[in-house]
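To keep things clear, I will list the structure first and then write my remarks on it.
We number each residue from 1, following the sequence as shown. Read the numbers this way: they start at 1 and go in the same order the structure lists the ligands and their atoms. What you see is a predicted model; the values in this text were computed from it and never measured. Heavy atoms only: backbone and side chains are in, while hydrogens, waters and symmetry mates are out.
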Amino acid sequence: MTKQEKIAQLKIDKDAVILAHYYAPSDVQDIADYIGDSFYLSRKAKELGNKTIVFAGVSFMGESAKLIAADKTVLMPDVSADCPMAHMVTKETVDRARAEYDDVAVVCYINSTAEIKSWSDVCVTSANAVKIVRNLPNKYILFIPDKNLASYVAQKVPEKEFIYNDGYCPVHEHMKVEEIKKLMSEHEGAPVLAHPECNSDITGLADYIGSTSGIIDYVKENEHGEYIICTEEGVRHALKKARPEAEYYFAATTPVCKDMKRNTLDNIIRVLENDGCGINGPDGNVAKEASFTLKKMLELA
Ligand code: 13P
Ligand code: SF4
């Protein structure tokens, strides 16, 4: 029996569904029932009827799925797959903004721990942040933890005053602008598509800025022969599936999220065979308040 066949059998035995982010390894994307960006996957976690969700992503994704669908068992193929940005804000930053501004909304990117979500008023993903922030009644927005997504949303929603926090995704933040400029000179006319977690040196060069799904949709809807892609290299797999005839160029120092790559077929088999090690999620008030911010996102988006 191949690993793929074993997983297919275990899914039936355990009434399990596999969700995978576009940054997961290609062979994991291939066995997933649903592949998508953070927003799509959180909606799926809510809608699906299966008893068990295997989340091939990072811990904030599994934790969010558990907060949205508390009755389900949520399994992470490797519980140590974490997102460094998800921890990059302190409670003092939130308390200071709330003390200084009466009319402030605390908006947290889904790439955050449940505790950070519990301090916030609403959660967003890169796919819905502009829409949600634009429709908030508040004048001031403390956007946590990501400074780069915050700057992108601030440009799109100039009528609000933004308060920034110093968090960032190391994979996108350290992408080298000279490498992207070199690709632009080598592939003249190729659209530059960037994730809003990139810093403004990179997004300033982009023809399109959007979530991983947004980048894939752009390629489907705007037929060019070549594209320069400024995000984690895992999206190449979905891009190749969507338009195999096109070429996709990434920064020479390949942007790889090592935490996303902890999701392997062997780990998926192990967690499905060994049920009972599902993530518990937070308790009490943290769970209540964090799930409120996530559910508010699902309503407003
Ligand atoms: P999206 O899934 O919203 O495109 O965000 C990318 C990401 O960093 C997930 O960790
Ligand atoms: Fe976190 Fe960046 Fe990895 Fe996404 S790509 S999980 S933001 S470290």
> Who's touching ligand 1 if we go heavy atoms under 4.0 Å?
Replying inline: H21, Y23, D37, S38, F60, M61, Y109, N111, S126, H195, E197, S211, T212, M260

> Should V171 and I216 be regarded as members of a common hydrophobic cluster, given that ILVMFWY residues are connected when their side-chain heavy atoms come within less than 4.5 Å of each other, either directly or indirectly?
Replying inline: no

> Just checking, is any N or O donor in the side chain of D30 or H237 under 3.5 Å from an acceptor N or O on the other one?
Replying inline: yes

> Which heavy-atom pair separates P196 from G210 by the least distance, and what is that distance?
Replying inline: CD-O, 3.2 Å

> Just how far is it from atom CG of L272 to atom CD1 of I269, taken to the nearest 0.5 Å?
Replying inline: 8.5 Å

> Does Y23 have any ring pair (Phe, Tyr, Trp, His ring centres under 6.0 Å) partners at least two apart in sequence or in another chain, and if so, which?
Replying inline: H21

> Quick check: does any side chain N or O of N263 sit under 3.5 Å from a backbone N or O of G57, one acting as donor and the other as acceptor?
Replying inline: yes

> Other than I163, which residues form its hydrophobic cluster under the rule that side-chain heavy atoms must be closer than 4.5 Å?
Replying inline: V89, V94, Y101, V104, V106, I116, W119, Y140, L142, I144

>> Can you confirm whether F292 is buried at CZ, in the sense that more than 12 heavy atoms of other residues, nucleotides or ligands lie under 6.0 Å from that atom?
In response: no

>> For Y227 and R243, which I'm curious about, is there any donor-acceptor pair between the side chains at under 3.5 Å?
In response: yes

> Protein N, O or S atoms less than 2.8 Å from atom 2 (Fe) of ligand 2, ignoring waters?
Replying inline: C169 SG

